[in-house]
K.L.:
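Submitted below is the structure of interest, expressed as structure tokens.
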Amino acid sequence: AKHGSCMAKTPEGYFRVAGILWRSLRWPDADRLSRRVGLTVGDLRTALVRANPGWRREQIGVSLSRRGWLKELRLCYGRDFMPANCPRGALGPRDGVALKIWRGL
């Protein structure tokens, strides 16, 4: 009941808006990216921006494990549900940091 309460009055409203935002995104080919030699955080941000022209690099946060594996993407939104710059702490590593993307077994 608390999660998302700043953006929606009910849990149902939160999940409805989250679903709309999720479906509005286009995802780059992570398998292809994962095979790129010398892959960086910046490469991932570039791929996301190319797939989603309304987005900018400053609006895409990335979280990595200690060994450089992708853990999480943080797509930052404003209260109007439009892309917004991420707070400094949510942006994550700089673009030049090496990145690995797990492809599974």
Side-chain angles (χ1 to χ4, degrees):
K2 288 184 181 182
H3 188 75
S5 61
C6 63
M7 66 177 265
K9 293 181 181 179
T10 65
E12 294 79 13
Y14 167 79
F15 286 111
R16 186 177 61 254
V17 171
I20 291 167
L21 295 175
W22 175 262
R23 288 185 298 276
S24 75
L25 296 168
R26 300 294 170 251
W27 298 101
D29 185 341
D31 184 65
R32 182 179 298 176
L33 274 173
S34 72
R35 297 173 193 281
R36 185 180 296 178
V37 176
L39 181 65
T40 66
V41 170
D43 294 330
L44 176 59
R45 286 189 177 117
T46 296
L48 281 160
V49 167
R50 283 185 183 151
N52 299 279
W55 286 82
R56 294 190 326 266
R57 311 171 79 69
E58 305 82 29
Q59 299 166 333
I60 302 168
V62 178
S63 176
L64 305 180
S65 72
R66 291 184 202 172
R67 294 186 173 190
W69 291 98
L70 177 64
K71 284 179 33 177
E72 176 180 309
L73 289 173
R74 297 181 191 121
L75 302 177
C76 298
Y77 290 92
R79 288 194 171 262
D80 59 359
F81 305 113
M82 298 299 292
N85 288 357
C86 292
R88 270 196 139 166
L91 197 55
R94 296 177 190 255
D95 282 351
V97 172
L99 169 67
K100 296 182 277 188
I101 299 176
W102 178 252
R103 289 190 299 271
L105 300 174

K.L.:
Show the nearest heavy-atom pair for residues Pro93 and Val62, with the distance to one decimal.
P.N.:
CD-O, 3.1 Å
K.L.:
Taking all non-hydrogen atoms of both residues into account, name the closest pair between Tyr77 and Ala84 and its distance.
P.N.:
C-CB, 3.8 Å
K.L.:
What verdict does the side-chain contact (heavy atoms from CB on, under 4.5 Å) test give for Leu73 and Trp27, after you've listed the backbone C-alpha separation in whole Å, the side-chain angles of each residue and the deciding distance to 0.1 Å?
P.N.:
CA-CA 12 Å; Leu73 289 173; Trp27 298 101; 3.8 Å; yes
K.L.:
Parallel, tilted or perpendicular: which describes the rings of Trp69 and Trp102, with under 30° parallel and over 60° perpendicular?
P.N.:
perpendicular
K.L.:
Quick test of your reading: applying salt bridge (charged side-chain N to carboxylate O under 4.0 Å, His left out), list the pairs with at least one residue in residues 90-99, sequence neighbours left out, ordered by first then second residue.
P.N.:
Arg45-Asp95, Arg57-Asp95
K.L.:
OG/Ser34 to CG/Leu44 distance, rounded to the nearest 0.5 angstrom?
P.N.:
11.0 Å
K.L.:
Give a yes or no on this: more than 12 heavy atoms of other residues, nucleotides or ligands lie within 6.0 Å of atom CZ of Phe15.
P.N.:
no
K.L.:
Quick one: list whatever passes side chain to side chain donor-acceptor pair (under 3.5 Å) with Asn52, sequence neighbours left out.
P.N.:
none
K.L.:
As an exercise, state the distance from OG of Ser63 to NZ of Lys71, rounded to the nearest 0.5 Å.
P.N.:
4.5 Å
K.L.:
Other residues, nucleotides and ligands only: do more than 12 of their heavy atoms fall within 6.0 Å of NZ on Lys100?
P.N.:
yes
K.L.:
Kindly indicate whether the side chain of Gln59, heavy atoms from C-beta on, has any atom under 4.5 Å from the side chain of Val49.
P.N.:
no
K.L.:
Between Arg56 (side chain only) and Pro53 (backbone N and O only), is there a donor and an acceptor less than 3.5 Å apart?
P.N.:
no
K.L.:
Any non-hydrogen side-chain atom of Arg50 less than 4.5 Å from a side-chain atom of Pro28?
P.N.:
no
K.L.:
I'd like to know if Leu91 and Val97 are part of one continuous hydrophobic network [Ile/Leu/Val/Met/Phe/Trp/Tyr, side-chain heavy atoms within less than 4.5 Å].
P.N.:
no
K.L.:
Measure the CG-CD1 distance between Leu48 and Ile60 for me, rounded to the nearest 0.5 Å.
P.N.:
4.5 Å
K.L.:
With a 4.5 Å cut-off on side-chain heavy-atom distances among I, L, V, M, F, W and Y, is there a chain of contacts connecting Met82 to Tyr14?
P.N.:
no
K.L.:
When rounded to the nearest 0.5 angstrom, what is the spacing between CG in Leu39 and CG in Leu99?
P.N.:
4.5 Å
K.L.:
With salt bridge (charged side-chain N to carboxylate O under 4.0 Å, His left out) as the test, pick out the partner of Arg36 among Asp31, Asp43, Asp29.
P.N.:
Asp43
K.L.:
Could you state the interatomic distance from CG (Leu75) to CG (Leu21), rounded to the nearest 0.5 Å?
P.N.:
9.5 Å
K.L.:
Starting from Leu25, can I reach Ile20 by hopping between I/L/V/M/F/W/Y residues whose side chains sit under 4.5 Å apart?
P.N.:
no
